[in-house]
Amino acid sequence: MIGEIPKDYDAKSFEREIFEFWKKEKISEKARLKGNEKFYFLDGPPYVTNPIHVGTAWNKSLKDAYIRYFRMRGYQVRDQPGFDMHGLPIEVMVEKKLGIKTKKEIEALGIENFVNACKSFALDNLKVATSQFQNLGVWMDWENPYRTLDNSYIESVWWLIKRANERGLLEKGNKIVHWCPRCETVLAGYEATDEYREIEDDSIYVKFRLEGKEKEYIVIWTTTPWTLPANVAVMVNPDFMYAKVSVGDETYIVAEDRVGAVFGNEKYEVVERIPGSKLSGLKYIPPLLEEVPKQRELYPAHFVVLSDLYVSLEEGTGCVHTAPGHGEEDHEVGEIYGLPDFCPVDERGRFTADGGKYAGKDVRESNREIIEDLKRKGLLLKMERTRHRYPHCWRCKTPLILRLATQWFIKVTEIKERMLEENEKVDWVPEWAGKARFGNWIKNAKDWVISRQRYWGVPLPIWVCNKCGRYEVIGSFSELKEKAVDKIVEIDLHRPWVDYVKIRCICGHEMERVSDVADVWMDSGSASFASLYYPSESKEWEKWWPVDMILEGHDQTRGWFYTLMVCGIIAFDSVPYRRVLMHGFTIDQDGRAMHKSLGNVVYPEEVIDKYGRDTLRWYELGCTTWEDLKFTWKSVEETSRFMGILWSTYYFASLYMSLDKFSPERYSLGNVSGWLKDEDRWILSRLECLIKNVTSSMNGLRVFEAVRELEYFMKEELSRWYIKLIRKRTWTETEDPEKIAAYATLYEVLFNYLKMVAPIVPFVSEKIYQEMFRTRPDMPISVHMLEWPSFEEKWRDVKLEEDMQVVKEIVEASYSARQSARMKTRQPLRRLRVVSKDERVISAISRLKKIVLDQANVKEVEVISPEEEEKMKEIKLVANPSVIGPIFRGKTKSVAEIIGALNGKEVLRSLRDGKTVIFEVDGEKFELKKEYVTVQESVPESYKGAGCRFGTVYIDTTKDKELISEGLMRDVIRRIQEMRKRAALKVDAYIKVWIGVPSEEIKGLIMDKIKEISAEVRAKEMYVSIGGIEKGAYKDGWQIDGEEFFIGIEEDRSQ
RNA sequence: GGGCUCGUAGCUCAGCUUGGUAUGAGCACUCGACUGAUAAUCGAGUGGUCGAGGGUUCAAAUCCCUCCGGGCCCA
């Protein structure tokens, strides 16, 4: 038997109850074991520093919804969560906590103490994050997350690095890196790009004298004068045209297109045009040769090199100062030409002894001096102030410098082609995320610097011999144990403990670990196998790998999507995931990203507190996944109203079904199919269509489509139409087949609907399942253990759906017509006329006539043709004064009156037939000409019309005694029902009623209907009198059509 | 500066693949109705140069180009 759910949607209390139920019955553990075919969902590990906001909640809710969905589809889903627990951001947090700022202070404190502090910080935050995620109702394996700080995880990363080395992809080399001179550390690219700021700098045009020429120069432009001591070449674009420009007695080479910009204010002459390619090899004298003696030793250097990639015409001179020690592009071109990597700058951002005159000076502070020197030597062509974006240290806000440093890196450029090939196999949702965005990113992939001169991270498993310089990569703890000089038992693989381990080199000397740790992105990039404990165990890996689905925000294109791919290719020469769903960002109502510093962050707890978890989920999951979600409280409010409708719909059904002790086993849909009415078949047809569409949306990872479709169905089709249609059937007292059929239909629709919303709103669906649908102990213990509904097209009836649409719109048009007639729906009317010749309309109305009569509250409905409509219309002729005025002059007024009184229809017909129409004014006869009149068509006063897609709908508003009495009856019934409700009587309670009416006539009208009224309001006795009344426990006065009525009721307990 | 993406009613967004009058949806506002789901519900009205400009076409919100503004990523 169907159970009754509580009347009010009280998310707060039942969500807590459901949490307890899940916990007590270990539902999520049970669901985890369900299913056959493997489905490896891999959670992108969040970084554990801040409390989560609604954006993170969106991410996890999406994951949770798909995990639940694929389980209902019969998959065994691996749902292990992950946490990213290493890295500089945590170090910075801990530094702040400890009140220290520099590496020196960390070393003074002791690496051991510092690392321990980082570890406990990360573990504390993991706990906070876990409970926040659990609190959202996200079902993941919270007891067994993968954590990047675990020894086993570190081992997996070690194995990967070893693998890279074996494949020849690991290399130690000089790389241009972003360097903070104040913190004396390399910064990862992403740490730099997050802190680009606008600053103003001097930009200078510098003359490089050509070798062997006195007054001929090639001109470069730079905003970083301090890199000029490291100049080794000038880059030009082979595809550009260059010009020799003569100004005074000197000649300059610049790109032709830049001549105007450089020399615009001077008198100049272009004396020669030279293609860029012809400039190749042209030798020049470096401008600071005297100041930086080291320059003389550089070889090969100081000539023109070519690059079609890095020389543009946007700014400068088209000739680019090249310092391979201070620029990535410079370095790259330098390698092609075998140019020396000259970098006379130390870790503190000061010139080294190689910097000659500038040795010991801070580079940025040397700008001025260098400019002065150039000016003195006559090599400064001109100088401007330029605003440009420049990277800053995100910790101390110092402008960064680019500098050459020895780093370990992965030669990603060598596996780029493989990545592009493998990317073709991935199913990206949306498609452009992979084809366009990710594809472009891979094409521009650069070698990946994986070493960091820091403390809290996976230590690079590279040991270097302090004698012969040979290095070795260790792939596991057991390998390390084997090769260790001193016996080790169990150690934490973090710094500094791992630093103490020395291994023996084949040359006989000791090898020490390089002091670097790995870039954190390598941690998360290893997740596809590290989360499976591979390679120290291979059972899990064999079962689950590769990943069936990942799902993250669009910032992860350069992040996790990418590093997972790189690591997968290194490890297995294969992309590690099959499907990627990319989602947008959550932004505030002004379109700005949510940032703590902006104070615009919304936390999921705030939403949950006010509206509950399901409301938050329905809202977020209903937003287009890959677009940005503009979070507004108003939309949450709206969503919460929908949750109310959903709840009320189930409440309504559960109330009547349980009252009538409806048994879905006894009256299955199959058993009652012969009793089904048109509206039942219609909603069942709609349901099948819904199941089909929702299934396809979910399979395509478009949950937002599913949400929208489900919402539309619930509001427009189920709640506002079907339930309205069957309401009367649910009021009958007996075991009426019509009522049973409605219940069986409702049961089918609501139960299947419940299964479909379960992945999206897991709490309310569980609550309803437990209290309403789980009628037998052999039914699955949780809604989340049910199978996803299937669709067989058994009930699909497209014609019926079309017919219903026609009828629905016609009924709505009738309401519209009533409104213009000021005729309430409660008042029954004689007839409804629909003007149409459309076969669809005729057949729809004939099939669904009962629904039209019932919903439009009319006695008859007929479809009439447009010709019949014409007949129905009255035609009025109105004189056209501007025409008749000049003709009839003084008689105009009488003529107008006479024309107005003519029978319009007849006159028009005569005119159409070419007959002459004569009218008489003051005994004089005139012929009526067409232009004398304007034709006004109107329907009789008693008819009111309204248009809809399927034709005009007219209602006949004339009322006879019977209609008036019926209308009055409905009014009286409504008032009594209202009073029953105010008196909080049960819906099935019996009452006694006293009615005081204003007149004898009205008393008569009511007496005619007393039987019907009594039946509808469940009155055992009813008394009607004129005037006020004294009887009844509940009494009230009412106005009906402007007249005073008095009604008293009281419960009748006699039985 | 480059790549991707978004821009439609006061607000949040459908529609764009495949060109055909935006009867666009919900919310908000105004008016009205309904009432055995009831702090619910229904109907009607007001409200758009579909970011701007150009092109293709008989016809453009939709296809093409340029520009402007937001977001993410990169430099």
Side-chain angles (χ1 to χ4, degrees), chain A residues 7-9 189-190 192-194 196 310 312 314-315 328-329 388-389 391 430-441 443-444 446 553-559 562 582 584-587 589-593 619 622-624 626-632 634-639 641-642 644-645 647-656 659 704-705 708 711-712 715-716 719-721 723-724 727-728 730-731 809 811-820 822-827 855 857 946-949 970 973-978 980-982 985-989 1016-1018:
Chain A
K7 188 158 170 250
D8 295 317
Y9 177 68
Y190 64 90
T193 57
D194 289 350
Y196 268 78
Y310 303 128
S312 79
E314 308 278 330
E315 51 189 7
E328 213 176 327
E329 296 159 356
H388 61 151
R389 285 160 58 71
E431 203 184 68
W432 53 260
K435 295 276 174 293
R437 202 174 171 143
F438 194 60
N440 280 332
W441 173 249
K443 279 181 202 140
N444 294 322
K446 305 226 169 90
H554 51 202
D555 55 328
Q556 295 304 327
T557 310
R558 64 118 195 238
Y562 177 70
M582 191 184 84
F585 263 44
T586 306
I587 53 184
Q589 52 198 351
D590 303 319
R592 297 170 309 175
Y619 169 47
C623 295
T624 308
W626 45 81
E627 283 175 17
D628 287 344
L629 186 166
K630 197 182 272 191
F631 183 93
T632 58
K634 222 169 124 189
S635 314
V636 179
E637 171 78 34
E638 250 172 66
T639 309
R641 239 173 315 206
F642 169 71
I645 295 177
W647 182 266
S648 293
T649 304
Y650 279 93
Y651 169 68
F652 166 82
S654 78
L655 176 68
Y656 287 100
L659 208 62
F704 60 96
E705 257 178 34
R708 289 170 194 172
E711 188 165 326
Y712 179 84
K715 288 203 291 214
E716 302 294 330
S719 171
R720 292 175 193 166
W721 192 244
I723 296 222
K724 223 167 135 190
R727 205 179 275 173
K728 276 204 184 116
T730 65
W731 300 343
E809 288 187 31
V811 168
E812 278 162 10
S814 81
Y815 292 150
S816 172
R818 272 175 184 269
Q819 201 155 302
S820 55
R822 303 210 158 257
M823 190 64 69
K824 52 197 171 191
T825 324
R826 210 182 312 135
Q827 174 64 56
Q855 295 304 308
N857 198 15
C948 79
R949 276 199 304 173
R970 303 270 21 132
I973 289 172
R974 209 218 100 198
R975 264 73 179 189
I976 298 172
Q977 300 292 24
E978 177 68 26
R980 285 182 64 114
K981 195 158 308 155
R982 286 189 198 168
L985 297 183
K986 287 194 161 182
V987 287
D988 55 350
E1016 286 229 20
V1017 303
R1018 299 177 73 85

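Letters go in sequence order (proteins before strands), and every chain restarts at 1. Keep in mind it's a predicted model, so treat the numbers as computed, not measured.
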| query | Which one, B:C13, B:G3, B:A37, comes nearest to the side chain of A:Arg437? | reply | B:G3

| query | To the side chain of A:Lys7, which of B:U38, B:U41, B:A37 is closest? | reply | B:U38

| task | Could you check which of B:G71, B:A14, B:U35 has an atom nearest any side-chain atom of A:Asp628? | result | B:G71

| request: Nearest whole angstrom, please: distance from the C1' of B:A39 to the OH of A:Tyr651. | output: 15 Å

| request: Could you please name the option among B:C13, B:A37, B:U35 that lies closest to any side-chain atom of A:Ser719? | output: B:A37

| Toward the 5' end of RNA chain B, which comes first, A:Tyr815 or A:Tyr656, by nearest nucleotide? | A:Tyr656

| Looking at the side chain of A:Thr825, which of B:G71, B:A75, B:C34 is the nearest nucleotide? | B:C34

| Considering only side-chain heavy atoms of A:Lys634, which listed nucleotide, B:G71, B:C11, B:G43, is closest? | B:C11

| How close or far is atom C1' of B:A37 from atom CZ of A:Arg641, stated in whole angstroms? | 17 Å

| Is the shortest side-chain N/O distance from A:Lys630 to OP1 or OP2 of B:C11 below 4.0 Å? | no

| query | Considering only the P atoms, how many Å lie between B:G19 and B:U8, rounded to the nearest integer? | reply | 23 Å

| Taking the side chain of A:Ile645 as heavy atoms from C-beta outward, which of B:U41, B:C13, B:A37 is closest to it? | B:U41

| task | Over 60° means perpendicular and under 30° means parallel, so classify the ring planes of A:Tyr9 and A:Trp647, tilted if in between. | result | tilted

| message | With a cut-off of less than 4.0 Å, is there a side-chain N or O of A:Thr632 near OP1 or OP2 of B:C27? | response | no

| task | Any chance you could measure A:His554, atom NE2, to A:Asp628, atom CG, to the nearest 0.5 Å? | result | 4.5 Å

| message | Distance check needed: B:U17 C1' versus A:Lys435 NZ, whole Å only. | response | 16 Å

| said: From CZ of A:Arg975 over to C1' of B:U35, roughly how many Å is that when rounded to an integer? | reply: 10 Å

| field | Between P of B:C27 and CD of A:Glu716, the distance in whole Å | value | 9 Å

| request: Check whether any side-chain N or O of A:Arg641 sits under 3.5 Å from a backbone N or O of A:Val636 as a donor-acceptor pair, and report yes or no. | output: no

| task | From the options B:A37, B:C13, B:U12, select the nucleotide whose nearest atom is closest to the side chain of A:Ser635. | result | B:U12

| query | Is any side-chain N of the basic residue among A:Glu431 and A:Arg437 closer than 4.0 Å to the acidic one's carboxylate O? | reply | no

| Under a 4.0 Å N-O cut-off, is there an ion pair linking A:Lys715 with A:Glu711? | yes

| query | Looking at the side chain of A:Asn440, which of B:G71, B:G43, B:G3 is the nearest nucleotide? | reply | B:G3

| Taking CG from A:Leu629 and P from B:G7, how many angstroms apart are they, rounded to a whole number? | 15 Å

| query | With distance as the sole criterion, do the side chain of A:Arg727 and the base of B:A37 form a donor-acceptor contact below 3.5 Å? | reply | yes

| query | Roughly how many Å is it from CH2 in A:Trp432 to C1' in B:U17, rounded to a whole number? | reply | 16 Å

| Listed nucleotide nearest any side-chain atom of A:Glu638, set B:C4, B:G26, B:G36 | B:G26

| Gap in Å between the two P atoms, one belonging to B:G51 and one to B:A60, rounded | 15 Å

| Distance in angstrom units between A:Arg970 CZ and B:C34 C1', rounded | 12 Å

| request: May I ask you to check whether A:Thr825 and A:Arg970 show a side-chain donor-acceptor distance below 3.5 Å? | output: no

| If you find the nucleotide of RNA chain B closest to A:Tyr650 and the one closest to A:Asp555, which residue's nucleotide is nearer the 5' end? | A:Tyr650

